[in-house]
Amino acid sequence: MTNATVQEHTMTGRGTAQAPWRIGTRGSHLALTQAGTVRDALIAAGQQAELVIVKTAGDKSSDPVEKIGVGVFTTALRDELASGAVDIAVHSYKDLPTAPDPRFTIAAVPVREDPRDAVVARDGMVLGELPPGAKVGTSAPRRVAQLRALGLGLEVLPLRGNIDTRIRKVVDGELDAVILARAGLARVDRLGEVTEALEPVQMLPAPAQGALAVECRAEDTDLVTILAAQDDAAARATVLAERSLLAELEAGCTAPVGALAEVVESLDDDGRVFEELSLRGCAAAIDGSDVIRASVVGSLANAEQLGRSLARELLDLGARDLLSADDSAPSDLSNPSPMENF
């Protein structure tokens with residue numbers, strides 16, 4: 001079947017019992033769970049939908065992301081979407097490149113999970129209770145840098161594998177703790193093993209952590225309209241602000257950059273309540289020797305401008321030098337293994 005034929009079929013009868021919408025996803029438990037929420041929402045809205053597992057080079061390799069390419073996971077899904085093999089792709093939003101691709105549109109950003117990082121530690125300990133020299137596993141340079149900056153004397157070690165594998169290293173005593181995205185644990189019903197959710201003052205999450213991107217072809221206007229019902233305005237605004245900061249810094253998804261936007265309530269001069277967007281960002285040295293932080297508050301309608309403005313403030317404070325030094329500094333922790341929104 002040619003791509004043209006697939007495309008014609010996609011636009012004539014998809015969503016019916018005979019031709020359900022095909023949702024592309026990786027085959028991991030977390031990815032299937034995430035894509036399943038999109039499928040279930042479509043079915044609840046009277047559409048028919050099914051999951052299509054897409055194998056990626058990253059799923060078949062244990063090499064670090066920088067060796068196989070940071071976009072290997074999203075590229076495979078997008079290739080299937082562009083070819084017409086699937087109609088929808090569901091991504092962990094933080095894994096997408098910040099540069100837009102005109103072939104596609106993010107039709108929905110569903111309600112966002114708690115974006116904080118989470119600790120799973122032995123004996124129910126929180127991060128501050130771990131003794132100096134305790135072994136803590138994480139795969140993200142952002143977490144490595146901020147952990148080291150806390151000055152707790154922890155030994156930070158690289159971490160590979162899925163959620164089960166990572167938590168098992170704590171259960172088996174190989175590590176004293178691991179740091180994971182709370183959102184991933186929530187989606188696979190593993191929050192009971194979390195011993196602490198890290199507040200942003202301790203560790204800012206990755207831009208767009210906890211958010212999903214529901215993507216389809218830009219030309220599939222009927223599908224764009226259908227998927228828009230799953231869009232959450234607050235989630236879209238916060239993610240836009242955080243990713244605009246990342247783009248302005250010209251930093252990739254593995255850079256030691258953290259950002260968190262939140263919708264907050266404020267009072268105007270007449271005492272009326274209105275909503276604003278509060279954005280915090282940081283850039284860190286991988287060795288923890290320096291962390292540059294800044295924040296800004298503004299209109300939700302100006303989410304993109306807020307992100308870019310805060311990034312420029314971070315650059316004025318010296319973020320460029322920190323990020324450039326991290327790019328050139330060798331470190332076994334600057335090459336995270338393939339991740340599933342962990």
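Model, not experiment: these values are computed from the prediction.
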Less than 4.0 Å between a side-chain N and a carboxylate O, is that true for Arg112 and Glu242? yes
Distance-only donor-acceptor check, side chains Ser139 and Arg160, under 3.5 Å: no
Does a donor on one side chain sit under 3.5 Å from an acceptor on the other, for Asp117 and Gln146? no
Using the test side chain to side chain donor-acceptor pair (under 3.5 Å), find all partners of Ser299 that sit at least two apart in sequence or belong to another chain. none
Non-neighbouring partners of Glu276 that pass side chain to side chain donor-acceptor pair (under 3.5 Å), sequence neighbours left out: Ser266
Applying the 4.5 Å side-chain criterion to the ILVMFWY set and letting contacts propagate, would Val224 and Ile23 be lumped into a single cluster? no
List the residues meeting side chain to side chain contact (heavy atoms under 4.5 Å, CB included) with Ala177, not counting sequence neighbours, and say none if there are none. Val119, Ala121, Leu130, Val136
Glu50-Trp21 side chain donor-acceptor pair, cut-off 3.5 Å: no
Nearest 0.5 Å, please: how far is CZ in Arg236 from CG in Asp231? 4.0 Å
Sequence neighbours excluded, which residues qualify as side chain to side chain contact (heavy atoms under 4.5 Å, CB included) partners of Val171? Ile167
Sorted by chain and residue number, the side chain to side chain contact (heavy atoms under 4.5 Å, CB included) partners of Ala228 (sequence neighbours excluded) come out as none
Return the set of residues passing side chain to side chain contact (heavy atoms under 4.5 Å, CB included) with Arg168 (not counting sequence neighbours), or none when no residue passes. Asp164, Thr165, Asp172
Look at atom CG of Asp189 and say whether more than 12 heavy atoms of other residues, nucleotides or ligands are closer to it than 6.0 Å. no
CZ of Arg217 to CD1 of Ile88: how many Å apart, nearest 0.5 Å? 9.5 Å
